[in-house]
2 protein chains.
Amino acid sequence: MTTANINNWKAVEAEVLSRIHSRQWEPGQLIPNESDLALEFGCARATVNRALRSVAESGLLDRKRKAGTRVATNPVRKATLSIPVIREEIESRNQTYSYAVFSSKIEEPPLHIRANMRLNSSERLLHHQSVHIADGKPYVISDRWINLEAVPDIAHVDFSRVSANEWLVANAPFTNGDIAFSATIANDSIAERLGIKGGEALFAIDRTTWNNDTAITAVSLVFHPGYQMRTVV
Amino acid sequence: MTTANINNWKAVEAEVLSRIHSRQWEPGQLIPNESDLALEFGCARATVNRALRSVAESGLLDRKRKAGTRVATNPVRKATLSIPVIREEIESRNQTYSYAVFSSKIEEPPLHIRANMRLNSSERLLHHQSVHIADGKPYVISDRWINLEAVPDIAHVDFSRVSANEWLVANAPFTNGDIAFSATIANDSIAERLGIKGGEALFAIDRTTWNNDTAITAVSLVFHPGYQMRTVV
DNA sequence: CAGTGGTCTAGACCACAAG
DNA sequence: TTGTGGTCTAGACCACTGG
């Protein structure tokens, strides 16, 4: 025997990946169906299915009923990035976390926020601006709008003890959300809050979350200069 | 009957999500084990397993053998973003795609590139700089280093016909890679290549890909002003 | 040690879509 | 029409890990 036993889905996955990388199965090529592979590997079809499904999810295979399974020609690699609570992100680097609120008041939102959250004109919104601090240095500033109709309890929260982010995560589960990543220039107000000079390029994340069709919150995060968001494929 | 039959894994998943969102199962709480849920829903344990595994992958459940399954307290939401071939990204917006090479030559790389690719001092690298153009306007500029030891064939490729990106995707499959997203300021050379004024904030992606332990290529992409990368959770 | 999730199996039926 | 992947089932054993 030159190959180890292929009797579990991880082994099947490894063998499939190996055949793709070695180009034994070339891009665009139809690979054998599940039953044949199960026979070849000496395992159940369900095991082959589990492995092929996993590889397909990573983008390296295209599967269609009746048409069969093909090696993807332009593999659209999918990177998964986790969106951590900022406090945990900072503490995981062994830095001390702190947090300060600039302002927190009920306001009329600008039009683009209303449009973004798809609100009628009647909702009252809490406008909450704060900064998360790592080892005493501003890490990211947060400019958040919260739909009080969706989360009435938040009116009574003491934000000196817990950040709006964490309170919402724990108390206002959302079903779906949009995220946009971009670059922005540090204007005077941003620069002041981050304790930097103006004119620098800053990494920004804009996130809106929903509970089914009602918007919960829209937040704009602007990170300190040099911040990188990393992941692997 | 108030509820529909829960006899497939999608239905089980929907029911589980509903119980989490409605806080019938609260954050941190231990939920029933797979066998009990299977009994309650009237389906096989494997079906419950499929559903719970799916929810756990999205970050809303924490599963541990023996310890059981708990609702995540700080759900680390995972966003998956697909990394498309730039030509396809542009064409999917019904814009016309074109492409131009600024320079392509074998050079000694700067130290940070060598370190990033974890190379010995001996490898020869192809330095390839280009721009991808949408509807006649620069869309993103690419500054790429290619390890000729890993991809010798690339020396003979006619880059006027196919972009380095697409050739590599089709001919140099990789097993893994790192990606970093950041913001950068438009210096003079970047601004000139993007046809903009200097000083603007630009979204940047740095990606290094590997075939097992040998680096294939490191590429730095700098997008036109206003570019956003979007996804959903 | 014992309870939980993780996995495998053999067989069955279904849903989709290519020809 | 028919071949393919998608899924469900009942049962079994295994692997990890908390107590």
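Below, chains carry the letters A, B, ... as their sequence lines are ordered, and counting in each starts from 1.
Ring orientation note: the planes of Y227(B) and H224(B) are nearly perpendicular, at an angle over 60° on the 30°/60° scale.
In this entry the distance linking CG of D36(B) with P of dG3(C) reads 13 Å, nearest Å. Rounding to whole angstrom units, CZ of residue R65(B) and P of dT4(C) are separated by 14 Å. Remark: P of dG5(C) and CG of D62(B) are 13 Å apart, rounded to the nearest angstrom.
Using a cutoff of 4.0 Å between basic side-chain nitrogens and carboxylate oxygens, R19(A) and E40(A) are scored as salt-bridged.
Interface limits on DNA chain D: the 5'-most and 3'-most nucleotides within less than 4.0 Å of chain A heavy atoms are dT2(D) to dT7(D).
Checking side-chain atoms of N211(B) against main-chain N and O of T214(B) turns up no donor-acceptor pair under 3.5 Å.
Heavy atoms of N49(A) sit under 4.0 angstrom from at least one base atom. Among the protein residues, R45(B) comes within range of the nucleic acid bases, having at least one heavy atom under 4.0 Å from a base atom. Residue S35(A) is out of contact with every strand shown, counting any heavy-atom pair closer than 4.0 Å.
Both T47(A) and K66(A) lie near DNA chain C, and the one whose nearest nucleotide falls closer to the 5' end is T47(A). The nearest heavy atom of DNA chain C to R50(A) and to A67(A) marks one nucleotide each, and the one closer to the 5' end goes with R50(A).
Centroid-to-centroid, the aromatic rings of Y99(A) and H132(A) come within less than 6.0 Å.
Just one of R63(B), E34(B), K64(B) meets the side-chain hydrogen bond (donor to acceptor under 3.5 Å, both in side chains) condition when paired with T69(B); it is R63(B).
P173(B) approaches I216(B) most closely through the heavy-atom pair O-CD1, 3.8 Å.
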